[in-house]
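Structure record follows, encoded as structure tokens.
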Amino acid sequence: QVQLVESGGGSVQAGGSLRVSCAASISTSSRCMAWFRQAPGKEREGVAGIYTGGGSTRYADSVKGRFTISQDNAKNTLYLQMHSLKPGDPAMYYCAADLRLRCPGWATLRLTDFGYWGQGTQVTVSS
């Protein structure tokens, strides 16, 4: 059974930094994985995706240059490092995995491309 467990959320001041983690029960090597977020009353949106086999990444325009997605295959853990946090960033942040052999999800950041989800970790930003 695939399990994804997020951690590291919390409250940070605007302009600050935070790193959230996602511990996977499967190997993160050569996987398509991503971070999504969902704010109250809004749809879940893709934030960053990665193909861990080659390190290719894709970011939503709203976070480009501020967020970095990475993985530690030795720990089977996915990370999202967030800098310069803004009032528009607070949300529940979810880790997702697309385990298909040909997995486009890391580039599409489409919800429907991901079959496995964590329970989320809350990020809040105070002004």
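The shown structure was predicted, so the numbers you read here are calculated from the model rather than taken from an experiment.
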Atom pairs and distances, side-chain donor-acceptor, residues 118-127, under 3.5 Å, sequence neighbours left out:
unit_1, atom_1, unit_2, atom_2, d
Q119, NE2, E6, O, 3.3
T121, OG1, G9, N, 3.0
Q122, NE2, A91, O, 3.3
T124, OG1, S11, OG, 3.3

For this session: Give the intermediate values and the outcome of side-chain contact (heavy atoms from CB on, under 4.5 Å) for residues L109 and R58.
Result: CA-CA 8 Å; L109 295 181; R58 190 203 166 188; 4.3 Å; yes
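- Heavy atoms only, all atoms of each residue included: G46 and A60 are closest at O-CB, 3.5 Å.
- A disulfide bond (SG atoms under 2.5 Å apart) check over residues 34-100, counting only residues at least two apart or in different chains, returns the pairs C22-C95.
- Contacts classified as salt bridge (Lys or Arg N to Asp or Glu O under 4.0 Å) and involving residues 46-57 (residues at least two apart or in different chains) are not found.
- Within the structure, the side chain to side chain donor-acceptor pair (under 3.5 Å) test picks out the following pairs touching residues 94-105 (sequence neighbours left out): D98-R100, R100-D113.
- Residue pairs meeting the disulfide bond (SG atoms under 2.5 Å apart) criterion with at least one member in residues 23-73, sequence neighbours excluded, are C32-C103.
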Exercise. Can I26 and N76 be said to form a side-chain contact (heavy atoms from CB on, under 4.5 Å), step by step?
Worked result: CA-CA 7 Å; I26 55 169; N76 292 330; over 6 Å; no
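- Distance check: Q71 CD to T77 OG1 gives 10.0 Å after rounding to the nearest 0.5 Å.
- Annotation: ring-ring contact (aromatic ring centres under 6.0 Å, His included) contacts involving residues 61-87, sequence neighbours excluded, are absent.
- No donor-acceptor pair closer than 3.5 Å links the side chain of T112 to the backbone N or O of R110.
- By the salt bridge (charged side-chain N to carboxylate O under 4.0 Å, His left out) test, R66 is found to be paired with D89, residues two or more places apart in sequence or in another chain being considered.
- Of the candidates Q81, M82, R37, V20 forms a side-chain contact (heavy atoms from CB on, under 4.5 Å) with just one, namely M82.
- Summarising the geometry, atom CD1 belonging to I50 is positioned 8.5 Å from atom OG belonging to S56; distances are rounded to the nearest 0.5 Å.
- L78 is connected to L4 through a chain of hydrophobic side-chain contacts under 4.5 Å among Ile, Leu, Val, Met, Phe, Trp and Tyr, so both are in one cluster.
- Within the structure, salt bridge (Lys or Arg N to Asp or Glu O under 4.0 Å) pairs that include any residue of residues 118-127 do not occur (at least two apart or interchain).
- Residues forming a salt bridge (charged side-chain N to carboxylate O under 4.0 Å, His left out) with K42 (at least two apart in sequence, or on another chain): none.
- Within the structure, ring-ring contact (aromatic ring centres under 6.0 Å, His included) pairs that include any residue of residues 97-127 comprise F36-F114, F36-W117 (at least two apart or interchain).
- Side-chain contact check for T68 versus Y59: some heavy-atom pair is nearer than 4.5 Å.
- In terms of hydrophobic clustering, with Ile, Leu, Val, Met, Phe, Trp and Tyr side chains grouped at heavy-atom distances under 4.5 Å, I69 and Y93 are assigned to a common cluster.
- No continuous path of hydrophobic side-chain contacts links V2 to V5 [ILVMFWY only; heavy atoms under 4.5 Å].
- Grouping Ile, Leu, Val, Met, Phe, Trp and Tyr by side-chain contacts under 4.5 Å, direct or through others, leaves L101 on its own.
- Residues in residues 18-36 take part in these side chain to side chain donor-acceptor pair (under 3.5 Å) pairs, two or more places apart or across chains: T28-N73.
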